[in-house]
Engineer: 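Dropping a structure here in C-alpha coordinates format, bear with me for questions.
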Amino acid sequence: MKYDLYIQDQNDPNTTYLFEAIIAQLAKRKVTEWRGIYAFATGQGVKNLFNDPDVIQFLGHGDVSVLVGLDAVTDVSALDNLRDLAAKHARF
(Lines give C-alpha, C1' and ligand atoms only; values in the text may rest on other atoms or scores of the structure.)
Protein backbone atom coordinates (compact mmCIF):
# COMPACT_ATOMS: atom_id res chain seq x y z
CA MET A 1 0.00 0.00 0.00
CA LYS A 2 1.34 3.44 -0.92
CA TYR A 3 0.47 6.70 0.78
CA ASP A 4 1.17 10.21 -0.46
CA LEU A 5 1.11 13.36 1.65
CA TYR A 6 0.54 16.72 -0.01
CA ILE A 7 0.72 20.10 1.68
CA GLN A 8 -0.38 23.07 -0.38
CA ASP A 9 1.70 26.22 -0.21
CA GLN A 10 0.25 29.01 -2.29
CA ASN A 11 3.56 30.88 -2.02
CA ASP A 12 5.49 28.03 -3.65
CA PRO A 13 5.26 28.19 -7.47
CA ASN A 14 5.90 24.41 -7.62
CA THR A 15 3.20 23.42 -5.16
CA THR A 16 0.80 20.65 -6.02
CA TYR A 17 -2.76 21.62 -5.23
CA LEU A 18 -4.94 19.03 -3.54
CA PHE A 19 -7.46 18.89 -6.38
CA GLU A 20 -4.65 18.21 -8.87
CA ALA A 21 -3.09 15.52 -6.68
CA ILE A 22 -6.36 13.67 -6.16
CA ILE A 23 -7.28 13.71 -9.85
CA ALA A 24 -3.77 12.58 -10.88
CA GLN A 25 -3.90 9.61 -8.49
CA LEU A 26 -7.42 8.53 -9.44
CA ALA A 27 -6.62 8.85 -13.15
CA LYS A 28 -4.04 6.08 -12.78
CA ARG A 29 -6.93 3.58 -12.65
CA LYS A 30 -4.98 1.27 -10.31
CA VAL A 31 -6.21 3.01 -7.19
CA THR A 32 -8.84 1.03 -5.29
CA GLU A 33 -9.12 3.07 -2.08
CA TRP A 34 -9.20 6.79 -1.39
CA ARG A 35 -8.85 7.95 2.19
CA GLY A 36 -8.76 11.67 2.81
CA ILE A 37 -8.42 13.85 5.88
CA TYR A 38 -9.34 17.47 5.26
CA ALA A 39 -9.24 20.41 7.64
CA PHE A 40 -12.32 21.86 5.98
CA ALA A 41 -14.60 21.51 2.94
CA THR A 42 -16.87 23.84 1.05
CA GLY A 43 -19.94 22.85 -0.91
CA GLN A 44 -18.47 24.24 -4.12
CA GLY A 45 -15.20 22.40 -3.53
CA VAL A 46 -16.99 19.09 -2.97
CA LYS A 47 -19.11 19.67 -6.09
CA ASN A 48 -16.10 20.53 -8.23
CA LEU A 49 -14.12 17.51 -7.10
CA PHE A 50 -16.88 14.91 -7.25
CA ASN A 51 -18.11 16.07 -10.66
CA ASP A 52 -14.71 15.45 -12.26
CA PRO A 53 -14.91 12.57 -14.80
CA ASP A 54 -12.01 10.66 -13.21
CA VAL A 55 -13.61 10.90 -9.78
CA ILE A 56 -17.00 9.82 -11.13
CA GLN A 57 -15.39 6.79 -12.75
CA PHE A 58 -13.56 5.94 -9.52
CA LEU A 59 -16.80 6.05 -7.53
CA GLY A 60 -18.04 3.17 -9.66
CA HIS A 61 -15.43 0.75 -8.31
CA GLY A 62 -13.38 2.30 -5.48
CA ASP A 63 -13.81 2.75 -1.76
CA VAL A 64 -13.90 6.34 -0.47
CA SER A 65 -13.61 7.53 3.11
CA VAL A 66 -13.28 11.18 4.05
CA LEU A 67 -12.83 12.91 7.38
CA VAL A 68 -13.68 16.61 7.30
CA GLY A 69 -13.07 19.13 10.04
CA LEU A 70 -16.02 21.19 11.21
CA ASP A 71 -14.80 24.72 11.54
CA ALA A 72 -15.67 28.20 10.32
CA VAL A 73 -14.80 27.28 6.70
CA THR A 74 -16.76 24.04 6.37
CA ASP A 75 -20.26 24.91 5.25
CA VAL A 76 -23.59 23.10 5.41
CA SER A 77 -23.67 22.55 1.65
CA ALA A 78 -20.38 20.61 1.86
CA LEU A 79 -21.87 18.29 4.46
CA ASP A 80 -25.08 17.95 2.45
CA ASN A 81 -23.08 17.09 -0.68
CA LEU A 82 -21.01 14.49 1.18
CA ARG A 83 -24.14 12.97 2.71
CA ASP A 84 -25.74 12.75 -0.74
CA LEU A 85 -22.64 11.08 -2.16
CA ALA A 86 -22.71 8.52 0.65
CA ALA A 87 -26.36 7.77 -0.07
CA LYS A 88 -25.72 7.42 -3.80
CA HIS A 89 -22.51 5.35 -3.65
CA ALA A 90 -22.45 2.29 -1.39
CA ARG A 91 -18.66 2.37 -1.13
CA PHE A 92 -18.50 6.02 -0.03
Side-chain angles (χ1 to χ4, degrees):
M1 190 176 307
K2 181 182 177 218
Y3 295 93
D4 293 316
L5 174 65
Y6 295 93
I7 299 175
Q8 293 179 169
D9 180 356
Q10 65 184 6
N11 297 316
D12 179 356
N14 298 317
T15 197
T16 300
Y17 287 95
L18 181 61
F19 185 88
E20 298 167 332
I22 291 171
I23 300 304
Q25 292 299 316
L26 297 182
K28 292 180 180 180
R29 309 281 190 252
K30 294 181 181 179
V31 176
T32 59
E33 296 179 347
W34 167 8
R35 306 286 181 249
I37 301 170
Y38 308 97
F40 59 85
T42 63
Q44 192 60 51
V46 172
K47 257 188 206 175
N48 289 345
L49 181 60
F50 286 94
N51 284 323
D52 182 89
D54 289 314
V55 175
I56 292 169
Q57 184 171 358
F58 179 81
L59 289 172
H61 71 276
D63 292 322
V64 178
S65 177
V66 297
L67 176 63
V68 177
L70 300 176
D71 62 4
V73 178
T74 299
D75 56 26
V76 173
S77 64
L79 301 176
D80 288 342
N81 291 341
L82 292 169
R83 182 197 59 222
D84 293 347
L85 284 162
K88 184 176 181 182
H89 301 282
R91 298 172 74 172
F92 189 98

Engineer: According to a 4.5 Å side-chain heavy-atom criterion applied to Ile, Leu, Val, Met, Phe, Trp and Tyr, with indirect links allowed, do Phe19 and Tyr38 form part of one hydrophobic cluster?
Structural biologist: yes
Engineer: Between atom OG of Ser77 and atom CD of Gln44, what is the distance when rounded to the nearest 0.5 Å?
Structural biologist: 8.0 Å
Engineer: Between CG of Asp84 and CG of Leu79, what distance do you get to the nearest 0.5 Å?
Structural biologist: 11.0 Å
Engineer: Can any side-chain N or O of Glu20 pair as donor or acceptor with the backbone N or O of Tyr17 at less than 3.5 Å?
Structural biologist: yes
Engineer: Please give the remaining members of the hydrophobic cluster of Leu67, linking ILVMFWY side chains under 4.5 Å, ordered by chain and number.
Structural biologist: Ile37
Engineer: Would you name the heavy atoms of Ala41 and Val68 that are closest together and state the gap between them?
Structural biologist: CB-CG1, 3.7 Å
Engineer: Find the distance between CD1 (Ile23) and CG (Asp52) and round it off to the nearest 0.5 Å.
Structural biologist: 3.5 Å
Engineer: With a 4.5 Å cut-off on side-chain heavy atoms, are Val64 and Val66 touching?
Structural biologist: yes
Engineer: Is Val55 close to Trp34 at the side-chain level, that is, under 4.5 Å between some pair of heavy atoms?
Structural biologist: yes
Engineer: Between Val31 and Phe58, is there a side-chain heavy-atom distance shorter than 4.5 Å?
Structural biologist: yes
Engineer: Provide the closest heavy-atom pair for Thr16 versus Ala21 in the form atom of the first, atom of the second, distance.
Structural biologist: CG2-CB, 3.8 Å
Engineer: Which pair of non-hydrogen atoms, one from Asn81 and one from Gly43, has the smallest distance, and what is that distance?
Structural biologist: ND2-O, 3.1 Å
Engineer: Which atom pair, heavy atoms only, marks the closest approach of His61 to Arg91?
Structural biologist: O-NH1, 2.7 Å
Engineer: With Leu85, which residues qualify under side chain to side chain contact (heavy atoms under 4.5 Å, CB included), at least two apart?
Structural biologist: Val46, Phe50, Leu59, Leu82, His89, Phe92
Engineer: Counting distance only, does the side-chain N/O of Thr74 pair as donor-acceptor with the main-chain N or O of Gly69 below 3.5 Å?
Structural biologist: yes
Engineer: Taking the side chain as everything from C-beta on, heavy atoms only, tell me whether Asp63 gets closer than 4.5 Å to Arg35.
Structural biologist: yes
